[in-house]
Enquirer: 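Have a look at this one before I ask anything.
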Amino acid sequence: MSAGANPGFARGRRLRSTPALRRLTAQTRLSPADLVLPVFVKEGISEPQPITSMPGVVQHTQDSLRKAAHEAAEAGISGLILFGIPADKDPLGTQADAADGVVNEALRRLRDDLGDELVLMADLCLCEYTDHGHCGVVTPAGVVDNDPTLDRYAAVALAQAQAGAHVIAPSGMMDGQVAAIRRALDGGGFTELPVLAYAAKYASCFYGPFREAAEGAPQFGDRSTYQMDPPNADEALREVEQDLAEGADAVMVKPALAYLDIIARVADEVRVPVSAYQVSGEYAMVEAAAANGWVDRDRAILETLTAIRRAGASSVLTYWAVEAARLLRR
Ligand code: PBG
């Protein structure tokens, strides 16, 4: 029997007929408050530097970052996550915890300037600061050494806390990193400072453009001995469980679009906020296709962000944060 012949038959189109009806019945909402903007600040430059593989994204000076932060607050997004590029790199990444290191300086200035208006998240990793480009301390044999790295992360967490970060976000994927950081923060009197763990972070090709932006490409080897293997899903739940047991307050899945199933499973499993990181390569793909006229850029931005929210992420880190916030307000 055709649906039309039976007036009692459910008809999917009834609730789609006008924009207002579609808005009323939308199951997933996306709002500026869901969004966090990743920013890069570089030491020793006098003008912002464009990033070729991420059109529209720059490496900031301290001054241009300040302006961008005000625009972000104005647009109504919830926060920034900061990445720094120091002038000098060394094997231990000492600029990451130097009090006057580029990110710590930026945190201090932004906190002075904006107070608590935006959530200032500090990405905690060493790859932007080490001369070899790995996320931790490396043995003479070239292996990233887990436990000595934890001591470095503890020191960096304290420096970032002292500089004014509202959230510490470890992204290095070392075992035990959340516990080491929690202990350091508590020991330093920062018992109230939350840790957002990059819990399920995959060894992904989609970080390619970021490595240009943060100048942190590994000089040898790759990150597949510490970041997760893309075929694995159950392992993401183990990583999340472990990070929560170590004291993580919120968890992240990264990248986002190729890992929507992981976001959904993690969101189902935990009772803490779940963030997802729409990474540099996801940004670059849409930008490149849009520049060719192959996809509608604004729609692609909102559709991908909505998909990530629909999968279960409560917030999204995205290079389009400010722009998306403006699109949502139109
Ligand atoms: C640092 C870090 C990376 C990203 C965020 N934090 C790079 C990496 O792991 O190689 C990637 C973010 C992006 O691609 O936008 N470990």
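All values below were derived from every heavy atom in this structure, side-chain atoms included, with hydrogens, water molecules and symmetry-related copies excluded. Order of appearance sets the numbers: ligands from 1, and atoms from 1 within every ligand.
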Enquirer: Can you check whether Asp222's main-chain N or O pairs, donor with acceptor, with Gln227's side chain at less than 3.5 Å?
Expert: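 Such a contact is absent between Gln227 side chain and Asp222 backbone.
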
Enquirer: List the residues meeting side chain to side chain contact (heavy atoms under 4.5 Å, CB included) with Ala213, not counting sequence neighbours, and say none if there are none.
Expert: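 With neighbours one apart ignored, the set is Phe40, Ile51, Met54.
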
Enquirer: Counting only heavy atoms and a distance below 4.0 Å, can you name the residues contacting ligand 1?
Expert: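 Correct list: Phe83, Asp123, Cys125, Cys127, Cys135, Ser171, Lys201, Phe206, Tyr207, Phe210, Arg211, Arg223, Gln227, Lys254, Tyr277, Val279, Ser280, Tyr319.
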
Enquirer: Of the options Gln278, Glu282, Glu287, which is the one that meets Trp320 in a side chain to side chain donor-acceptor pair (under 3.5 Å)?
Expert: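 Output: one option passes, namely Glu287.
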
Enquirer: Using side chain to side chain contact (heavy atoms under 4.5 Å, CB included) as the criterion, list what pairs up with Asn292, not counting sequence neighbours.
Expert: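 If we apply the side chain to side chain contact (heavy atoms under 4.5 Å, CB included) test to Asn292, skipping adjacent residues, the hits are Trp294.
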
Enquirer: Find the distance between CG (Leu37) and CD1 (Ile81) and round it off to the nearest 0.5 Å.
Expert: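 Between atom CG of Leu37 and atom CD1 of Ile81 there are 10.5 Å.
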
Enquirer: Please list, chain by chain and in numerical order, all residues satisfying side chain to side chain contact (heavy atoms under 4.5 Å, CB included) with Pro91, sequence neighbours excluded.
Expert: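 In terms of side chain to side chain contact (heavy atoms under 4.5 Å, CB included), with neighbours along the sequence ignored, Pro91 is linked to Asp131.
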
